[in-house]
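Keep in mind that the numbers below use all heavy atoms, side chains included, and drop hydrogens, waters and symmetry copies. Remember, it's 1-based here, ligands and their atoms both numbered in the order they're listed.
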Amino acid sequence: MKLWGGRFTKPTNQLVDEYTASIRFDQQLAKHDIQGSMAHVEMLSACNILSESDATAILAGLQTVAEKIQSGDAELTEEHEDIHMNVEKLLVEEIGPVGGKLHTGRSRNDQVALDMRLYLREAIVEISQLLLGVQQALHNQAKAHLDTILPGYTHLQRAQPVLFAHHMMAYVFMFQRDIERLSDSWKRVNQSPLGAGALAGTTFPIDRSLVADKLNFDGVCQNSLDAVSDRDFVVEFLANASLVSTHLSRLCEELVQWSSAEFNFIELDDAFCTGSSMMPQKKNPDVAELVRGKTGRVYGHLIGMLTTLKGLPLAYNKDMQEDKEGMFDTVETLRGALALFAPMIDTMHVKKENMYKAVAEDFSNATDLADYLVGKDLPFREAHAVVGQVVLYCIQQNKFLLDLSLEEFQQFSPLMNEDIYKVLAPESVVNARDVVGGTAKNRVEEQIKTAEQLFQINTEWIHRQAVKIGAKKEEEPIFAHD
Ligand code: ARG
């Protein structure tokens with residue numbers, strides 16, 4: 001007999017059971033479901049809707065059910081469709097009919113919205129923590145490579161030299177925005193839908209704020225129809241996850257390129273590469289490729305969720321059950337990628353000499369020659385044209401700028417003097433970009449310092465939220481960043 005079987009005269013077609021059940025995947029919410037139920041029961045008792053003895057029995061029963069599910073001793077069945085009804089069924093098996101009082105003043109509609117929010121809170125904390133780990137790995141590489149120069153590219157053509165530290169820090173700031181987006185979304189995730197009932201509220205004199213407080217929510221959803229229909233917070237998470245994936249994927253693409261014989265700028269550690277079944281010489285950057293590849297599924301989940309929601313009338317519709325697999329898979333995908341990324345970056349070997357060679361054997365100092373002429377009061381547009389001719393001459397002569405004699409330089413402009421050689425050296429070219437956010441060594445050092453302050457803020461935020469969701473104790477040390 002189904003928990004809702006009263007008005008039915010026939011058993012459900014077995015294919016329908018299989019098709020509509022979500023227990024296969026929503027069993028991941030068991031912990032959150034029971035956590036929410038416990039808070040709900042405590043509130044019902046505080047409001048004298050449940051007697052103290054009933055509440056005590058239900059709480060003890062829920063505890064046992066939680067333990068049994070955790071240890072794999074509880075049978076979760078498709079017949080009971082989803083985690084909510086399976087838990088209730090197990091509870092009644094455990095403590096008898098009084099278990100049937102658990103669902104007083106509640107619907108699966110507000111219950112599932114609650115579970116999703118409890119789950120996402122944890123995911124946000126965990127992913128922020130992992131992102132911070134990646135930031136720190138990049139930051140370590142930056143500190144180690146304040147004197148490593150490589151070509152910066154536009155259009156994947158060598159453009160102007162930059163510090164490798166500067167390049168690493170670019171990603172640190174991208175991941176910083178990702179963490180900030182996640183932390184900003186917290187205030188929208190952390191609102192309690194409980195008390196919305198099926199859609200219209202409940203006839204019982206419940207205390208929505210009390211149950212919200214027990215679960216450390218920042219507030220309660222203000223409209224019951226919205227509370228059970230809203231999956232914006234899932235979309236927002238998937239969008240934030242998509243940007244994390246975008247950033248990871250761009251870095252992956254660079255790692256793959258840099259590992260090629262054509263670039264030969266880095267070597268990823270053996271522990272983070274794989275071989276070929278046929279070609280004995282191969283060492284492939286599979287992790288970077290796969291992280292890049294998995295970006296597709298994360299974007300797919302975002303588009304899938306948006307599309308599922310777009311035509312839904314208020315309030316709950318079964319379509320919304322489709323909110324789960326994409327969200328779980330996104331969390332798992334990011335978790336896997338980020339956990340690997342930090343050590344992969346940490347152990348990456350940077351081929352400083354090869355990078356320098358790529359800068360030296362190149363025209364990436366051409367802008368500096370133009371800027372030099374501007375410094376002698378030539379309008380930039382004219383300077384650009386002069387240097388264009390110098391470059392063309394070099395290409396024809398098979399030379400680079402620093403190979404030219406002063407006489408050769410002066411054929412193009414009498415404004416060029418002996419000091420040109422110093423100006424065009426890669427180190428000078430880099431250090432001349434002495435502007436906030438520029439690639440000059442002192443400016444990159446500033447970025448490194450700024451990032452350290454941001455890491456501190458991230459660390460404290462993560463700690464506070466971890467305490468809120470019970471993942472950490474207040475007095476536990478805030479983990480030290482380096
Ligand atoms: N398994 C459902 C889901 O994930 C729970 C809510 C079901 N509510 C309902 N009225 N059928 O969306």
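A cation-pi arrangement is present between R121 and F217, with the terminal nitrogen or guanidinium carbon under 6.0 Å from the aromatic centre and inside a 45° cone about the axis. For the pair R117 and F233, the cation sits on the ring face: its NZ or CZ lies under 6.0 Å from the ring centre, inside 45° of the axis.
Nearest heavy-atom pair, G100 versus V92, reported as atom, atom and distance to 0.1 Å: N-CG2, 3.9 Å.
Checked against the 6.0 Å centroid criterion, the rings of F164 and F265 do not qualify as a close aromatic pair. Between F237 and W186, a ring centre-to-centre spacing not shorter than 6.0 Å is recorded.
The contact shell of ligand 1, taken as protein residues with any non-hydrogen atom closer than 4.0 angstrom, comprises S22, D82, H84, R108, N109, V112, Y316, Q321, K324.
The pair K31-E122 meets the salt-bridge criterion, with a side-chain N (NZ, NE, NH1 or NH2) lying under 4.0 Å from an Asp/Glu carboxylate O.
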